[in-house]
Engineer: 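Pasting a structure below so you can have a look.
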Protein chains: 4
Amino acid sequence: MSAPTARGGRPREERVDAAILSATRELLVEGGYAGLTVGAVAARAGIGKAAIYRRYETKQEMVFAAAVHGLDLESPPDLGSLRAELEWLTEVIAATLSGPAVAGALGGLLADMSDDAVVSRMRETFVAHQRANVTAVLDRAVARGELTSRPDAAVVHAMLLGPVFAWLFVLREPGDVRGFAPTLARMAAAALSA
Amino acid sequence: MSAPTARGGRPREERVDAAILSATRELLVEGGYAGLTVGAVAARAGIGKAAIYRRYETKQEMVFAAAVHGLDLESPPDLGSLRAELEWLTEVIAATLSGPAVAGALGGLLADMSDDAVVSRMRETFVAHQRANVTAVLDRAVARGELTSRPDAAVVHAMLLGPVFAWLFVLREPGDVRGFAPTLARMAAAALSA
Amino acid sequence: MSAPTARGGRPREERVDAAILSATRELLVEGGYAGLTVGAVAARAGIGKAAIYRRYETKQEMVFAAAVHGLDLESPPDLGSLRAELEWLTEVIAATLSGPAVAGALGGLLADMSDDAVVSRMRETFVAHQRANVTAVLDRAVARGELTSRPDAAVVHAMLLGPVFAWLFVLREPGDVRGFAPTLARMAAAALSA
Amino acid sequence: MSAPTARGGRPREERVDAAILSATRELLVEGGYAGLTVGAVAARAGIGKAAIYRRYETKQEMVFAAAVHGLDLESPPDLGSLRAELEWLTEVIAATLSGPAVAGALGGLLADMSDDAVVSRMRETFVAHQRANVTAVLDRAVARGELTSRPDAAVVHAMLLGPVFAWLFVLREPGDVRGFAPTLARMAAAALSA
DNA sequence: GTGTAACCGAGACGGTACGTCCTGTCTTGCC
DNA sequence: GGCAAGACAGGACGTACCGTCTCGGTTACAC
């Protein structure tokens, strides 16, 4: 979809790609996923709806691309201790999820997707990289001798991502999510070390 | 809404209340939040749409009432140890969230709500009771001497609810969520004891 | 309907009858037939909707009763000439049709009725009496020698009623309908005499 | 409404315009104005409701367009005498009003309209042309010397249209309206000549 | 007097239509 | 062939109204 063979004809304008993503992010901040309309994105971007559907098959794909695009691409640095690196991971996750566009989009994306291809893509893009980072951190901790055996990365990932997710989307504490990260990392480190 | 003073006039029929909730739950299971129609609920319940809108201002309120109604009302029994009780809590949370109606509804509800009254109601109903249960468990652990000081119940709640939530709605591992609960509870107990 | 056998039980309150008709007429003036609601009539009259439907089977019957009630019951006096009496008839018709409640109701009544009982009742009540008056006037003109044979009363009635009706409901000239009556009567007299 | 400036974009399809009008006329014949549903028109026409509301602001406008469209566009031929031409006019009016779609629509249209723009448009379209025809006929009669002065065309129009209108919508005589036209025209000619 | 039957205001009930909105596709004419 | 504009089919949404029914209570006539 995003890369149809594109043999001949006029090339797509990058300006349009950028305008779509940027307008989507704006409207996501202003009105959340609900209240975001493909027509409104087109109008805000000063383009036609067809230019959107030429790039994304559905509204969900567009929002996913806009919200997730370019997120969380760094790998965790070696900070010397499991706990410090877990804290780094948690903070990156919290920063990613609490960005205004992501916050507006994530709930909505979960809604419109049942079990189809989009959710798979999302898992691959959004989840796989984070899990790789978790794996790297755990491997380093084993190498350092902080852990005797490497726990399941998926479980550890859920333990870091989950509370942040719940905090933002269900609990919605008025307090800053960032302050939550160190506490969470400390508890996770303790749990793993035990 | 659900309880207008109602001085005179024909009283509302409980049969209708029940039929709405039950039809909503059925359709939630069959087609998820997306794909659930107010008209379809009315048709399935054998009532008119107006009877629904007399009770709930929006589709979201109806779904919320149907999905959350009567959930998780038991209090945690004294099982003798913090870990056992955390495990009980986690299993209740997992059972609640993975029930078919709730699973179909929760994502969708998060979507259509920005920050308005519905999300507050949801927090009050859905979250408050679980948090009270967490508090009770922690208090008992302090009384037993398992913990020296009572940690923040909100944080502990997030640590239990969050991973389950993430597992179900983001990670969507094919594996059973139930198997996840004991691991999670064990790690939480270790984290708290440290 | 209006007079069910009424064996036992509490008798109907005349206050309610009057309140219904009066509220209907008020709302007819304020908003026309469209925009008149049975619920609004009940509210304005300070009664329940059931009290209305106990008296009238449909909204149309109620409006008909309210608009037509007590209209046009006088018989045409002997004014000495056909033309004078035709003028009297035309003025009565114009006065009847241009009353505010009737004006608001008639179009609407015509709308909701296809060919059923209500239109028959309306014809009987509203039309029959006027036609009897036309017949009386024509008979007197024959007796006076102004006409050699009595024309069809239905045709003459249509020639008097019709232009007034069209003037009010289709043409809607801003000018006063009353000024139209003498001209119409004069032309009708000339047509009949020829 | 029917002609927005429409600079760019896909032009409206004539097929859709025609399908709307044709489906409306069919349903008007089948069930009258009451019993005609915008949804049913859309379904019968094989189009979406939005395509209707893009063209007509309300159901009334649509029905008006369908019932009145293309009616009565001929001008009265010179038939040599006032009476013959009046008869022609009356027959055209009767034919117009007694057409099945118009008969189903007119009463209903009168109902839903109070005094707003729709009734004005209707007057302009439906009435203005007929009145112009009346004027032409009267002018020819003056030129022929049949009339000494030209009477008010509005009054004459009311005298022709009105009885037909009343006959069809109020009196509803079972007899054929067509037979009514010559009598009416003869009487009108006599009245004008006097 | 005390039934009993029909009344009363209030308002919920099933049903149906309205007019608006949105999605994803298609069709113009211009570049 | 991409692009802006916008029409298309389809269908859900939330509102409004109709005519019926139910509640708790009142009022007259008959026994």
Side-chain angles (χ1 to χ4, degrees), chain A residues 6-13 15-16 35-40 42-43 45-54 56-60 112, chain B residues 4 6-13 15-16 34-40 42-43 45-59, chain C residues 4-13 15-16 35-40 42-43 45-54 56-60 112, chain D residues 4 6-13 15-16 34-40 42-43 45-59:
Chain A
R7 238 40 233 319
R10 172 179 178 180
R12 294 191 181 158
E13 296 183 16
R15 174 184 64 84
V16 172
L36 181 144
T37 292
V38 177
I47 61 170
K49 282 199 325 179
I52 293 178
Y53 281 105
R54 212 172 285 123
Y56 308 103
E57 285 186 350
T58 62
K59 171 183 168 182
Q60 292 89 38
D112 283 359
Chain B
R7 236 44 234 326
R10 175 178 178 176
R12 296 194 179 158
E13 296 183 19
R15 175 184 64 84
V16 171
L36 181 144
T37 292
V38 177
I47 61 169
K49 273 198 336 177
I52 293 178
Y53 283 106
R54 212 173 284 123
R55 290 167 169 77
Y56 308 104
E57 286 184 351
T58 61
K59 171 183 168 181
Chain C
T5 325
R7 244 31 242 319
R10 174 180 177 177
R12 295 193 180 155
E13 296 184 17
R15 174 184 64 83
V16 172
L36 181 144
T37 291
V38 177
I47 61 168
K49 281 202 320 179
I52 293 178
Y53 283 104
R54 216 172 280 123
Y56 308 103
E57 286 185 350
T58 63
K59 172 182 167 182
Q60 292 88 41
D112 284 359
Chain D
R7 235 45 234 322
R10 174 181 179 175
R12 296 195 181 156
E13 296 183 18
R15 173 185 65 83
V16 171
L36 181 145
T37 290
V38 176
I47 61 169
K49 278 201 324 180
I52 292 178
Y53 282 105
R54 212 173 285 123
R55 289 167 169 75
Y56 309 104
E57 286 185 349
T58 62
K59 172 183 167 181

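Here is the naming used below: chain letters follow the sequence lines, and residue numbers restart at 1 for every chain. Atoms considered below: every heavy atom in the structure, side chains included; atoms not considered: hydrogens, waters and symmetry mates.
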Engineer: In whole Å, what is the span from the CD atom of A/Gln60 to the P atom of E/dT23?
Structural biologist: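 After rounding, the reported distance stands at 9 Å.
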
Engineer: Between atom CD1 in C/Ile52 and atom C1' in F/dG19, what is the gap in whole Å?
Structural biologist: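 Checked: the CD1 to C1' distance equals 11 Å.
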
Engineer: Quick check on E/dG24: is either OP1 or OP2 less than 4.0 Å from any side-chain nitrogen or oxygen of A/Tyr53?
Structural biologist: yes

Engineer: 5'-most contact on DNA chain F: A/Ile47 or D/Val16, nearest heavy atom basis?
Structural biologist: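 Mapping each residue to its closest nucleotide by heavy atoms, the 5'-most match is A/Ile47.
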
Engineer: Which comes earlier along DNA chain E counting from the 5' end, the contact point of C/Glu13 or that of B/Ala51, where each point is its nearest nucleotide?
Structural biologist: C/Glu13

Engineer: Pair B/Tyr53, B/Thr58 - check side-chain contact (heavy atoms from CB on, under 4.5 Å), show working.
Structural biologist: CA-CA 7 Å; B/Tyr53 283 106; B/Thr58 61; 5.9 Å; no

Engineer: For the base of E/dC13, is there a side-chain donor-acceptor partner from B/Arg10 under 3.5 Å away?
Structural biologist: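 Looking at the base of E/dC13, it does not pair with any donor or acceptor on the side chain of B/Arg10 (distance under 3.5 Å).
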
Engineer: Are OP1 or OP2 of F/dC8 and a side-chain N or O of D/Arg55 less than 4.0 angstrom apart?
Structural biologist: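 Looking at the OP1 and OP2 atoms of F/dC8, one of them is under 4.0 Å from a side-chain N or O of D/Arg55.
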
Engineer: Any non-hydrogen side-chain atom of B/Lys59 less than 4.5 Å from a side-chain atom of B/Leu36?
Structural biologist: yes

Engineer: Check the distance between E/dT27's C1' and A/Arg54's CZ and give it to me in whole angstrom.
Structural biologist: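 Rounded to whole Å, this separation is 12 Å.
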
Engineer: Rounding to a whole Å, what distance do you find between B/Tyr56:OH and F/dT15:P?
Structural biologist: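 After rounding, the reported distance stands at 16 Å.
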
Engineer: Judged by each residue's nearest nucleotide on DNA chain E, which is more toward the 5′ side, C/Ala42 or B/Ala50?
Structural biologist: C/Ala42

Engineer: Might you point out which heavy atoms bring C/Gly48 and C/Ala42 nearest each other, and give the distance in Å?
Structural biologist: C-CB, 4.0 Å

Engineer: Please check this pair: side chain of D/Arg55 against backbone of D/Arg12, looking for a donor-acceptor N/O pair closer than 3.5 Å.
Structural biologist: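 Such a contact is absent between D/Arg55 side chain and D/Arg12 backbone.
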
Engineer: Please pick, from E/dG24, F/dA4, F/dC23, the nucleotide with the shortest atom-to-atom distance to any side-chain atom of A/Arg15.
Structural biologist: F/dA4

Engineer: Is C/Arg12 side chain donor-acceptor paired with the E/dC7 base, going by distance under 3.5 Å alone?
Structural biologist: no

Engineer: Using a cut-off of 4.0 Å on non-hydrogen atoms, how would the nucleic acid contact of D/Lys49 be classed: base, sugar-phosphate, or nothing?
Structural biologist: base

